[in-house]
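All ligand and atom numbering here is 1-based and tracks the order in the structure. Note that the structure is predicted; figures quoted are calculated from it, not measured. Basis for what follows: all heavy atoms, side chains included, without hydrogens, waters or symmetry-related copies.
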Amino acid sequence: MYKEPDDGEKIKFDKGKWIVPSKPVILYIEGDGIGPEITTTAIRVINKAVEKAYKSSREIKWLEVYAGEKAEKLTGDRFPKDTQEMLLKYRVVLKGPLETPIGKGWKSVNVAIRLMLDLYANIRPVKYIEGLESPLKNPEKVDMIIFRENTDDLYRGIEYPFNSEEAKKIREFLRNEFKVEIEDDTGIGIKVMSKYKTQRITRLAIQYAIEHKRKKITVMHKGNVMKYTEGAFREWAYEVALNEFRDFIVTEEEINQGKSHEGKVVLNDRIADNMFQQIIIRPEEYDIILAPNVNGDYISDAAGALIGNIGMLGGANIGDEGGMFEAIHGTAPKYAGKNVANPTGIIKAGELMLRWMGWNEAAELIEKSINIAIKQKKVTQDIARFMGVKALGTKEYGDELINIIDTL
Ligand code: NAP
């Protein structure tokens, strides 16, 4: 079904390191709802930044693959086999949002891609952009990156309705084997956390902190209550930090005993509920947040709200061999096809993708152009309505970013 570019090459991976050719093939999925408008705008902006930064010496060879509604229309399948083959071959994808119905219908294609490529870390940078209306007094203090474990915990989906055979069997097993009484009207979900999965994301977060000169990693957990899952997550994170990165890490406890933090990444941990109030009242104390799946999901949105507009955030799903880059928001169906949606989230995802590729000069151009556009109040309707200015359309906002990149 797909015509692969003849003059592009695959991105390769070696123990988590990306080996990027000068003309890498990168896949994109337009997505549902507002997806096609924002994704095509993002690709135009990314191409401009790459061209400006590297002239003709580097170029992304985009290859569209189908998923979601577009795939269903073309092939009768929301996640066709040919698309899966391309994802397994090329392993890096910029993805528009895809619709997933609640409590019925098809399974999430987003989750299927994450599992297929084993993209175990969901990484979400949250940094204030001057000009946005934030609920905080000093939003410029917000500069956090959340590393959320993506494959473990309660979201593994090991769940059974209260009246199922499985739930009944589990209740009986617990009663008979462990003398644990559970009421007969109880649904069951199982929380699982593995040492291997905890430690691989810890490694990724620490390596990132060292390479990007970040100052601190905070492990977010509820280990006081859930000792052998969340408590173990904390313990395993410290273990990998101290066994494998000793020269780069100093713990908060060691600092309290007089050790210097000069040139080191500080490692500490905080109890999850406490963190929700702390990131609001003392955002400057948080830098990299390392969290298990459920905590990470919740804190990501709370942190996103601190900058005032979650539509401005991009995220990455990263594994040892691949990455999927996407906006945080969904398909916003009421705005589909109207040229009013804000494409910044997926453009930011593209910026993150360029950083992961090591194409930092192009990424910088994108970051700067967004900052300038917002300062100049050249924004889409979701922000214009707070600024009291006339809104740009999705395409026109993209044109504006491209013009700004030209002047940089
Ligand atoms: P949503 O699509 O993010 O939209 C919720 C609201 O957020 C919109 O009505 C709009 O708010 C605002 N919004 C979101 N993105 C915007 C943008 N780019 N520009 C301007 N405004 C934007 O969330 P949802 O309604 O809960 O989810 C809809 C569908 O998206 C669901 O099927 C869900 O499964 C899917 N989804 C997919 C992903 C993904 O692919 N990763 C992620 C999340 C959700 P106002 O009404 O205030 O203008």
Side-chain angles (χ1 to χ4, degrees), residues 27-43 45 65-72 78-79 83 87 93-117 119 121-124 129 132-133 135 146 148 150 155 293 296-298 300-301 304-305 307-318 323-350 352-353 370 373-374 378-387 391-398 401:
L27 307 179
Y28 72 97
I29 292 170
E30 280 192 347
D32 300 328
I34 58 171
E37 304 153 65
I38 59 169
T39 308
T40 45
T41 301
I43 287 177
V45 174
V65 292
Y66 308 124
E69 201 180 315
K70 189 167 183 180
E72 181 156 53
R78 284 194 167 252
F79 192 33
T83 299
L87 285 162
V93 58
L94 182 72
K95 188 190 72 63
L98 291 167
E99 184 189 346
T100 313
I102 301 169
K104 59 179 165 53
W106 60 90
K107 280 194 165 180
S108 163
V109 177
N110 301 311
V111 174
I113 298 175
R114 277 182 208 152
L115 292 178
M116 201 169 84
L117 299 180
L119 305 176
N122 182 222
I123 301 168
R124 190 185 285 190
I129 302 175
L132 289 182
E133 189 168 336
I146 295 143
R148 166 191 168 201
N150 229 356
Y155 290 3
N293 207 340
D297 191 18
Y298 299 160
S300 291
D301 272 37
I307 71 156
N309 188 321
I310 222 164
M312 305 291 290
L313 297 175
N317 296 275
I318 297 288
M324 174 169 82
F325 299 84
E326 61 184 340
I328 301 306
H329 61 74
T331 59
K334 71 179 184 188
Y335 294 136
K338 297 190 173 143
N339 191 40
V340 296
N342 186 349
T344 308
I346 188 158
I347 297 173
K348 280 273 184 197
L352 209 51
M353 182 182 84
I370 293 170
I374 296 195
K378 291 183 174 144
V379 291
T380 45
Q381 57 84 25
D382 53 322
I383 303 178
R385 62 190 170 187
F386 294 110
M387 288 180 169
L392 295 179
T394 310
K395 182 181 170 298
E396 292 68 32
Y397 173 74
L401 295 183

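With respect to atom 47 (O) of ligand 1, the closest heavy atom belonging to the protein is R385 NH2, 3.3 Å. Looking from atom 41 (N) of ligand 1 to the surrounding protein, the closest heavy atom is E326 OE1, 3.0 Å. Here the protein heavy atom with the shortest distance to atom 30 (O) of ligand 1 is T331 N, 3.0 Å. Distance from atom 43 (C) of ligand 1 to its nearest protein heavy atom, with residue and atom name: G330 CA, 3.5 Å. Here the protein heavy atom with the shortest distance to atom 32 (O) of ligand 1 is T100 N, 3.0 Å. The nearest heavy-atom contact from the protein to atom 19 (N) of ligand 1 is N342 N, 2.9 Å. Scanning the protein for heavy atoms near atom 14 (C) of ligand 1, the closest one is H329 CB, 3.7 Å. Closest to atom 21 (N) of ligand 1, if we only count protein heavy atoms, is Y335 CE1, 3.8 Å.
Per-atom contact check: atom 25 (O) of ligand 1 does not touch the protein, criterion being a heavy-atom distance below 4.0 Å. Under the 4.0 Å distance rule, the nearest protein heavy atom to atom 9 (O) of ligand 1 falls inside the cut-off. There is a protein heavy atom less than 4.0 angstrom from atom 17 (C) of ligand 1. For atom 39 (C) of ligand 1, the nearest protein heavy atom lies under 4.0 Å away.
When every heavy atom of D32 is checked against every heavy atom of K70, the shortest pair comes out as OD1-N, 4.4 Å. Residue A341 comes nearest to I38 through the heavy atom pair CB-CG2, 4.0 Å, listed as atom of the first residue, atom of the second, then distance.
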R114 and E326: CA distance, side-chain angles, deciding distance, salt bridge (Lys or Arg N to Asp or Glu O under 4.0 Å) verdict: CA-CA 12 Å; R114 277 182 208 152; E326 61 184 340; 3.6 Å; yes
Intermediate values then yes/no, salt bridge (Lys or Arg N to Asp or Glu O under 4.0 Å), D297 and R124: CA-CA 10 Å; D297 191 18; R124 190 185 285 190; 5.5 Å; no
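Close contacts of ligand 1 with P97, meaning ligand atoms under 4.0 Å from a residue heavy atom, involve 40 (O). The ligand atoms of ligand 1 that sit less than 4.0 angstrom from a heavy atom of I34 are 17 (C), 18 (N). Numbered from 1 in the order shown, with element, the atoms of ligand 1 that lie under 4.0 Å from a heavy atom of E99 read 32 (O).
Considering backbone and side-chain atoms alike, P343 places every N or O at 3.5 Å or more from each N or O of ligand 1. Polar contact check, L98 against ligand 1: a nitrogen or oxygen pair lies under 3.5 Å apart.
Under the 3.5 Å distance criterion, with hydrogens and angles disregarded, a donor-acceptor pair is assigned to the side chains of T344 and Y397. Donor-acceptor pairing under 3.5 Å is recorded for the side chains of K95 and N110.
No side-chain donor-acceptor contact under 3.5 Å links T331 to the backbone of L98. A donor-acceptor contact shorter than 3.5 Å links the side chain of T394 to the backbone of V340. Checking side-chain atoms of N150 against main-chain N and O of L119 turns up a donor-acceptor pair under 3.5 Å.
Remark: E37 does not engage K395 in a salt bridge, criterion side-chain N to carboxylate O under 4.0 Å. Using a 4.0 Å cut-off between a side-chain N of Lys or Arg and a carboxylate O of Asp or Glu, E133 and R385 do not qualify as a salt bridge.
The residue V340 has no part lying near ligand 1, judged by heavy-atom distances below 4.0 Å.
At least one heavy atom of A341 sits closer than 4.0 Å to an atom of ligand 1.
Here the CD1-CD1 distance, from I383 to I129, works out to 7.5 Å after rounding to the nearest 0.5 Å.
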